[in-house]
Each structure stands twice: as C-alpha cells, then as structure tokens.
There are 2 protein chains.
Amino acid sequence: MIEYASQPHYLVAVDCIVFGFDGESLKLLLVKRGLEPEINKWSLIGGFVGPEESTDDAANRVLKKNTGLDGIYLEQFKVYGQPNRDPIERILSVAYFALIDINKYSAQLNNDFQAEWFPVNEKPELIFDHNTMVSDARKRLRYKAALHPILFELLPKKFTLPQLQTLFEEVNDTKMDTGNFNRKMNSTGLLVRLDEKDKSSSKKGAYYFKLNHKKYRSDFHLVLNLMPNLRLDI
Amino acid sequence: MIEYASQPHYLVAVDCIVFGFDGESLKLLLVKRGLEPEINKWSLIGGFVGPEESTDDAANRVLKKNTGLDGIYLEQFKVYGQPNRDPIERILSVAYFALIDINKYSAQLNNDFQAEWFPVNEKPELIFDHNTMVSDARKRLRYKAALHPILFELLPKKFTLPQLQTLFEEVNDTKMDTGNFNRKMNSTGLLVRLDEKDKSSSKKGAYYFKLNHKKYRSDFHLVLNLMPNLRLDI
DNA sequence: GCAAAAGTGTTAGATCTACACCCATGC
DNA sequence: GCATGGGTGTAGATCTAACACTTTTGC
C-alpha cells in the first residue's frame, strides 16, 4: 500500500524569464545568483516555493522582490523536472515567462538589485538548464504572440506602428511587410490613434497609438492571425 | 544567506488526463484511487515522481502501468501548485494529457486495472482538483488540435473522413460543414485514401484513409487553420 | 530639391463559407 | 425509386502577399 510518508520529497523553485522591449530589441532581465553553487554567475530570477504559497504566488513574489513590480503579465509554461538539473540536490523548477514595460521600471531594477537587461541574442551563459529555459520561453512567447495580442504588455502606454512592427519582428526573428502589417493591426480594433506624433526616428513622424483596453480584454482569447507562414515548435 | 537545506521539501506527483475516441464521442480514462484519502473514488491516472526519474519519465511509467502502453502521445501542460490541494499533505502535481488509440488498447485496460472509459461529458466527480485538471486539459487539447494535427493520435490506423469530422466536432464542441472539412483535410496532404470503404454507417460507404506519417512528422509544427472562428481560452 | 521614414493603394491569387447538388446503395 | 449518408462543385466574400506609390519634413 502506497502511503504519502514513504515517498520522496523535493525542493521546488520557480524561475522567471522576464522579457522587455526598448524599442529596438527584445531584452531579457538576468540577475547575479546570490547563493552557492554557481554564486555570482548570471541566472534567471527565481526562488524557492514557500510552504504557504502557490507556485503562482511564488513567481509573483520573486518578481516583485527583483523588480518592484506588481501585476506583471505572467504565464507558467513548463516544469523542468530532470533529477540532476541542480548539482547539489534535486530541485524541480516551475518556469514562468513575464512581460514587462521596460521603460516604466528600468530605474528601480538596475539600482536596487543586481539585475541587468541583456539583448536576447547577446545574453551571457546561464547556470544549469536556464539556457534551455530561455530558449523554450522564446518559443512559447513566439507561439502565443502569433495568436494573441500579448506583446502589448511589453510596450509603453504610447507607441507607434513602426515600434510595434519591430517588436513583432524581434520576437519572430523575421521581417514583415509594413503595408500589410499596418493594415492587419488597424483591422483588429485594438489600436487607438492619438494626435501626437513621434518624430525621434523620422522626419515625417509616426503617429502614437494607445491600446484599446476594452477590446484587448474582450478579444484576448480570439485567435488572430498575426504572423504569416507560421511554423511553431511547441 | 539562503541555503538549500533550510528550504521546505514537497511531494511531487504526475497526473495524466488520458483521452480516447471510440468513433462517436471523446472519452476519458479514469481509475479508482488506490490509497487514502478518498480511496476508491474516481481519479486521474497518477503517481509520485521517483527519485531517479524526470516528471516525463514518471508520466510514462504511470501510463505504462495503467494501460500497458509505451510510446503514447504525452504532453505536459500545467503544474498544480496550490498549497492545500491535497488534504493530507502538500503535493505539487504536474499534469499531462495523453492521446491514445482506444481500439488498440481497451482490452488490456479494462481487465488488468480498475480503469474505465467515460464519455468526457459524462464523467463522474473526481477527487481534489482533478475536475479542474480535466477542464484545463480539454481546453489545451482544443487549442493544440486547432493548430496541429494531433487528433490523429486518437484514431486507429484506418479511419474515415466522417469519423475524423466527428472527432473534431467532439473536441471543439461544435458542428462543422462537411464539404469544407473534407476539402481542408484533403488539402493538408496528411491523408492517404485507401481503396476500402467502411459501410457500417451508410449505404454508400465512406473511404478509409490512413495517415501520411512522413508528412505528419515533417509538417507537425506548421500551424494549420483547422477550425474556423477560433476562440481559445488558454 | 532630396533623402528617408511613414503610411496608403492596388491587384492577382488564395482561401473561406454557405449551400446546392450529385453519388452509391440497401431497402 | 427513394431515403440516407458520403462526397463534390461553385460563387461571392474575404483575406493575403507583394510591391508601387504618396506623404511629410529636416536638411
């Protein structure tokens, strides 16, 4: 007869792949690890799951501690459960990806914690299986972003169509046709054009848009066809 | 300074939502639970994760034990990590959904284990949060099946277009236009028509098809548009 | 005026949807 | 011959991809 008491118990952690976007490239928030083994090496933001909290709670707590932010877009995407993924002791890690508005929060991040933003294609080597986690998270982000408008979570309140297109191109590692992109975005009803223009990157200037939050909430689960020729790994 | 030793350890389990299809309705494989608490109540197939195995290994082992089958289509989809989900002690559960060909394996299942197939809409109440798991698994199956040809995993070697359509309709809880469905399926290149017909459900008979395995493997990650007007929860 | 980025228009082709219509066969 | 489920055809609407074109404005 199987009983609970005779079964092995394990450490359980959460790790967060935190994405940001600075208008040019997709970025990743990494921290210098604060405990042995591999102390002071780059790692994902993570921590152990406490006895009174769910894994979601733990991920939010860890993010809050490292970024000062509440209410971040957070999505659990995979458990890493290989018995030997940590050299000291078995730890199961529940991985989350997080999307944050980099502009809003960068000041706090860089001062209060040993956190640093890296362009996603120029990240340092990470500890353990964190490199795999990042790779998996990028795939998952790509998948979700092709079907749902989650990338708006990465943008500031005001943004331009060229910025939005760059973001899509970064996430999908591809180039898109501007005409078709604009038409598609405008047809979703998710964008509200403002009168103001951003002239920082062109003479003509690009209109600022804001998100139609009502439409965003109501149509979030509607599957859009945001990327042509979609081929997705996961 | 945080150290591993001072952190809490938890039980970790896997639970499998096993789907089957008998040609008419989508089914769920459930077992009578074999340990306290809630012994002899209906539950998902599950078990504790052993010290030397990954969670994937554990899911495969548990499935093998309960179904006699190797090489089942298996996909991890969520961790259930609420601290109080089990009344005795905290257990984190890694949930997998599995797709199996019901015809091939039903004999073994029903004899050797206390396993039973239930139509997915007529399942009994399950223990703990297993009802939520089933509901989440159905959503995830729906999502994936709308974009990738995974439902073939549920079908026998030979199947007809009407059967396939019924399966899609069951999974998505909707009705589809036969003409459009057939055209779409044939255009994927995934089907190979056989000479034989199934006359069991009509006078004219429906051609049997088999899966083009090569195409299935090569195009698996290509995102198809298998369902119109898609709205997906997860 | 010219260069450069933003944004609009156009067009051929593909796909989608709804629905009408033929097919094969057991009774 | 007719009912029944299987399967095909078709026309209009919609969507797509590619690319040419216009707009704006700092220099």
Side-chain angles (χ1 to χ4, degrees), chain A residues 23-25 146-147 149 155 158-170 172 174-210 219 222-232, chain B residues 23-25 146-147 149 155 158-170 172 174-210 219 222-232:
Chain A
E24 291 189 358
S25 68
L147 306 169
L155 291 169
K158 294 187 307 187
F159 53 86
T160 65
L161 280 174
Q163 277 169 24
L164 187 58
Q165 184 178 344
T166 303
L167 176 52
F168 269 81
E169 290 178 341
E170 276 286 305
N172 284 85
T174 185
K175 289 288 172 192
M176 303 174 75
D177 181 278
T178 305
N180 297 334
F181 182 82
N182 291 358
R183 193 175 314 104
K184 189 172 279 186
M185 279 302 154
N186 283 318
S187 76
T188 62
L190 288 167
L191 302 182
V192 180
R193 196 169 90 175
L194 308 178
D195 289 334
E196 196 185 354
K197 278 190 168 188
D198 167 29
K199 299 211 173 185
S200 66
S201 62
S202 79
K203 291 151 193 168
K204 183 177 178 184
Y207 280 109
Y208 278 115
F209 288 79
K210 65 174 185 178
D219 284 9
L222 232 180
V223 174
L224 303 172
N225 181 10
L226 268 10
M227 293 296 305
N229 299 323
L230 204 51
R231 170 178 277 274
L232 296 171
Chain B
E24 292 190 357
S25 68
L147 305 169
L155 290 170
K158 294 187 308 187
F159 53 86
T160 66
L161 280 174
Q163 277 168 22
L164 187 58
Q165 184 178 346
T166 302
L167 176 52
F168 269 81
E169 291 178 342
E170 276 286 306
N172 285 86
T174 185
K175 289 287 174 192
M176 304 173 75
D177 180 279
T178 305
N180 297 336
F181 182 83
N182 291 358
R183 193 175 314 104
K184 189 172 282 186
M185 280 301 154
N186 284 319
S187 76
T188 62
L190 288 166
L191 301 182
V192 180
R193 196 171 89 176
L194 307 177
D195 290 335
E196 196 184 353
K197 279 189 168 188
D198 166 29
K199 299 211 174 184
S200 66
S201 62
S202 79
K203 290 150 192 170
K204 184 179 177 182
Y207 281 108
Y208 278 115
F209 288 78
K210 64 174 184 178
D219 285 9
L222 232 181
V223 174
L224 303 172
N225 183 8
L226 269 12
M227 293 297 303
N229 299 325
L230 202 51
R231 172 177 277 272
L232 295 170

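Every chain is numbered from 1 and lettered A, B, ... according to where its sequence line falls, protein lines coming before strand lines. Side-chain atoms are counted along with the backbone in the values below, which use heavy atoms only and exclude waters and symmetry mates.
Taking 3.5 Å as the limit, the base of dT10(C) and the side chain of Arg183(A) contain a donor-acceptor pair of atoms between them. In this model, no side-chain donor or acceptor of Lys204(B) finds a partner on the base of dA24(C) within 3.5 Å. The base of dC19(D) sits within donor-acceptor range of the side chain of Asp177(A), with an N or O pair under 3.5 Å. Residue-to-nucleotide contacts include a donor-acceptor pair under 3.5 Å from the side chain of Asn180(A) to the base of dA18(D).
Nucleic acid contact class of Ser201(A) (heavy atoms, under 4.0 Å, all strands): sugar-phosphate only. Within 4.0 Å of Lys197(B), counting heavy atoms only, lies no atom of the nucleic acid at all.
Ranking dG6(D), dT16(D), dG7(C) by closeness to the Asn225(A) side chain, first place goes to dT16(D). Nearest nucleotide to the Lys184(B) side chain, out of dG7(C), dA6(C), dT17(C): dT17(C). With dG7(C), dG7(D), dG26(D) as the candidates, the nucleotide lying closest to the side chain of Lys203(A) is dG26(D). Among dG26(D), dA6(C), dG6(D), the nucleotide with an atom closest to any side-chain atom of Lys199(A) is dG26(D).
Here the P atom of nucleotide dC16(C) and the CZ atom of Phe181(B) are 13 Å apart, to the nearest Å. The CE atom of Met185(A) sits 15 Å away from the C1' atom of dT16(D) (whole-angstrom rounding). Distance CG (Leu164(A)) to P (dA5(C)): 19 Å, rounded to an integer number of Å. Rounded to whole Å, the distance from CE on Met176(B) to C1' on dG7(D) is 16 Å. Asn182(A) places its CG atom 15 Å from the C1' atom of dA17(D), with the value rounded to the nearest Å. Between the CD atom of Gln163(A) and the P atom of dA5(C) there is a distance of 15 Å, given to the nearest Å. When the P atom of dA18(C) is taken as reference, atom NZ of Lys175(B) falls 16 Å away, rounded to whole Å. Residue Asn186(B) contributes atom CG, which lies 14 Å from atom P of dC16(C) at whole-angstrom precision.
Put simply, the side chain of Asp219(A) never gets that close to the backbone of Leu222(A): no donor and acceptor are under 3.5 Å apart.
Of all the heavy atoms in Glu169(A) and Met176(A), the pair that sits closest is OE2-N, 2.8 Å. The heavy-atom pair separating Phe181(B) from Leu161(B) by the smallest distance is CE2-O, 4.0 Å.
In this structure, Lys204(B) and Lys197(B) have side chains that are in contact, with non-hydrogen atoms separated by less than 4.5 Å.
At most 12 non-hydrogen atoms from other residues, nucleotides or ligands lie less than 6.0 angstrom from CD of Glu24(A).
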